[in-house]
Number of protein chains: 2
Amino acid sequence: MNDAVIDILKQNQLSVTGNRLKILSFFQKNSKALSHADIEQLSGKNFDRVTIYRTLQTFVEKGIIHTIPTADNSVMYALCKEDCGEGHHHDDHVHFVCSQCDRTICLDDVVSPKIDLPEGYIADNVQVVIHGTCKDCNNK
Amino acid sequence: MNDAVIDILKQNQLSVTGNRLKILSFFQKNSKALSHADIEQLSGKNFDRVTIYRTLQTFVEKGIIHTIPTADNSVMYALCKEDCGEGHHHDDHVHFVCSQCDRTICLDDVVSPKIDLPEGYIADNVQVVIHGTCKDCNNK
DNA sequence: GTAACTGCAAAATATTTGCATCCTT
DNA sequence: AAGGATGCAAATATTTTGCAGTTAC
């Protein structure tokens, strides 16, 4: 099951290290976006803060993960879909933040809407963040 | 012309101080969102960082300004429309970030779209951030 | 063996808190 | 006069940088 993760690293010309494998697997196991602090927690504080910063930055540059806009100052990261790559992200899908369980979830299947802008404005990409109650919390 | 600004403070039961008047007028004069650092610059470094933090926080709580989601970790603030108040923000309008001039602009008149969510999800509010080229930069 | 990755130390930056003083009402 | 607002000092948290040792290839 590590194979998929190893493949991702190799495809991006990154050395396969224990650290990177673990961080990537955190993203795969959790169906939600993770912050720097989340990863620190998940690791049991076993790897360096600096390494986490650098790993996340590398992953973003390679298009393996993407950042998610948040209204507070917290930076969240989530796995990109397959068709993202170095230099070109296609992360303009909808993000959902649940106010009950506080998870940030990528709704990869919900396409960002087309929006009519005022005269003169040209849109490159549209990011949508929806706050509300997620499926799991509604069923409780 | 300070009258409008003074009114806003009084309506929110806040003391009218020079500091607050200046910070509020920065928002009114600039047709764009401001960060903590922007305000520090605009003030000519004449008021304390801490005061800026506390003033912005107070304004957000009172519904005078709102934060804008950004993909990096920078926190941006912009004036709310009149119908925002303590506890209830209506800041679910579209925000536009120009990749040329780097301004973040509230498009108050562009309504957030209705988005079809998967079964089980309930949306409270929808925030949209569009990256692209703004009117001014397109006309150059 | 070499280039890339990691961890430690330390610097730089950002944010929060406590408290004494000053200003608004 | 009283409560709120400010500024300073300091504590805390976050992010970046440099460098030496280690690891992947």
Side-chain angles (χ1 to χ4, degrees), chain A residues 2-3 5-27 33-65 67-77 86, chain B residues 2-3 5-27 33-65 67-77 86:
Chain A
N2 258 359
D3 293 353
V5 178
I6 291 175
D7 276 351
I8 294 176
L9 292 177
K10 286 190 175 165
Q11 276 165 28
N12 287 283
Q13 294 105 39
L14 294 174
S15 304
V16 177
T17 68
N19 242 325
R20 286 176 175 166
L21 289 176
K22 277 180 202 145
I23 293 183
L24 257 190
S25 70
F26 291 155
F27 280 108
L34 301 174
S35 67
H36 180 280
D38 290 332
I39 291 168
E40 217 180 334
Q41 287 300 322
L42 287 168
S43 80
K45 311 242 179 189
N46 279 335
F47 28 77
D48 201 88
R49 298 178 64 79
V50 179
T51 302
I52 301 176
Y53 281 117
R54 287 197 269 229
T55 303
L56 289 173
Q57 186 182 304
T58 303
F59 285 178
V60 170
E61 282 164 6
K62 292 291 187 180
I64 300 172
I65 60 177
T67 58
I68 298 175
T70 53
D72 57 332
N73 57 342
S74 69
V75 195
M76 303 289 287
Y77 303 88
E86 192 157 9
Chain B
N2 257 0
D3 292 352
V5 178
I6 291 175
D7 275 351
I8 294 176
L9 292 177
K10 285 191 177 166
Q11 276 164 29
N12 287 283
Q13 293 105 39
L14 294 173
S15 305
V16 178
T17 67
N19 241 326
R20 287 176 175 165
L21 289 177
K22 276 180 202 146
I23 293 183
L24 257 190
S25 70
F26 292 155
F27 281 107
L34 302 174
S35 67
H36 179 280
D38 289 333
I39 292 167
E40 216 179 337
Q41 286 300 323
L42 288 168
S43 80
K45 311 240 179 192
N46 280 335
F47 27 76
D48 202 88
R49 299 178 64 78
V50 178
T51 302
I52 300 176
Y53 281 117
R54 287 197 269 229
T55 303
L56 290 172
Q57 186 182 302
T58 302
F59 285 178
V60 169
E61 282 164 5
K62 291 292 186 179
I64 300 172
I65 60 178
T67 58
I68 298 175
T70 54
D72 57 333
N73 58 341
S74 69
V75 195
M76 303 289 287
Y77 303 88
E86 191 158 7

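First the proteins, then the strands, lettered A, B, ... as listed; each starts at 1.
Separating the CG atom of D48(A) from the C1' atom of dA20(D) is a distance of 14 Å, rounded to the nearest angstrom. Between L21(B) atom CG and dT6(D) atom C1' there is a gap of 14 Å when expressed in whole angstrom units. At whole-Å resolution of the value, CG in L14(B) and C1' in dG3(D) are 13 Å apart. In this structure, I6(A) places its CD1 atom 13 Å from C1' of dA24(D), rounding to the nearest Å. Rounded to an integer number of Å, the gap from R49(B) CZ to dA10(D) C1' is 15 Å. For L56(B) and dT6(D), the CG to C1' distance is 15 Å, given to the nearest whole Å. Rounded to whole angstrom, the span from the CZ atom of F47(A) across to the C1' atom of dT23(D) amounts to 16 Å. Atom CG in N19(A) sits roughly 13 Å away from atom C1' in dA24(D) (whole-Å rounding).
A 4.5 Å side-chain heavy-atom check between H36(A) and V75(A) finds every atom pair outside the cut-off. Inter-residue side-chain proximity for L21(A) and L9(A) is flagged as met; some heavy-atom pair is nearer than 4.5 Å.
With the nearest nucleotide of DNA chain C identified for both N46(A) and T17(B), N46(A) has the one nearer the 5' end. Residue order along DNA chain C, read from the 5' end via each residue's closest nucleotide, puts T58(A) first among S15(B) and T58(A). Two residues, H36(A) and T55(B), neighbour DNA chain D, and the one matched to the more 5' nucleotide by heavy-atom proximity is T55(B).
Nucleic acid contact class of R20(A) (heavy atoms, under 4.0 Å, all strands): sugar-phosphate only. Residue contacts for R54(A): at a heavy-atom cut-off of 4.0 Å it reaches a base atom on one of the strands shown.
Among residues two or more places apart in sequence or in another chain, the salt bridge (charged side-chain N to carboxylate O under 4.0 Å, His left out) test is passed with R54(B) by none.
Here the OG1 atom belonging to T55(A) is positioned 7.5 Å from the CZ atom belonging to F47(A), to the nearest 0.5 angstrom. Between atom CZ of residue F27(A) and atom CZ of residue F59(A) there is a gap of 8.0 Å, rounded to the nearest 0.5 Å. The structure places CG of L34(B) at 6.5 Å from CE of M76(B), a figure rounded to the nearest 0.5 Å.
First and last contacting nucleotides of DNA chain C toward chain B (any atom under 4.0 angstrom from a heavy atom, 5' to 3' order): dA14(C) to dT25(C).
Checking each of N19(B), I6(B), I8(B), L14(B) against L24(B) for a side-chain contact (heavy atoms from CB on, under 4.5 Å) leaves exactly one that passes, namely I8(B).
Ranking dT6(D), dT14(D), dA9(D) by closeness to the Y53(A) side chain, first place goes to dT14(D).
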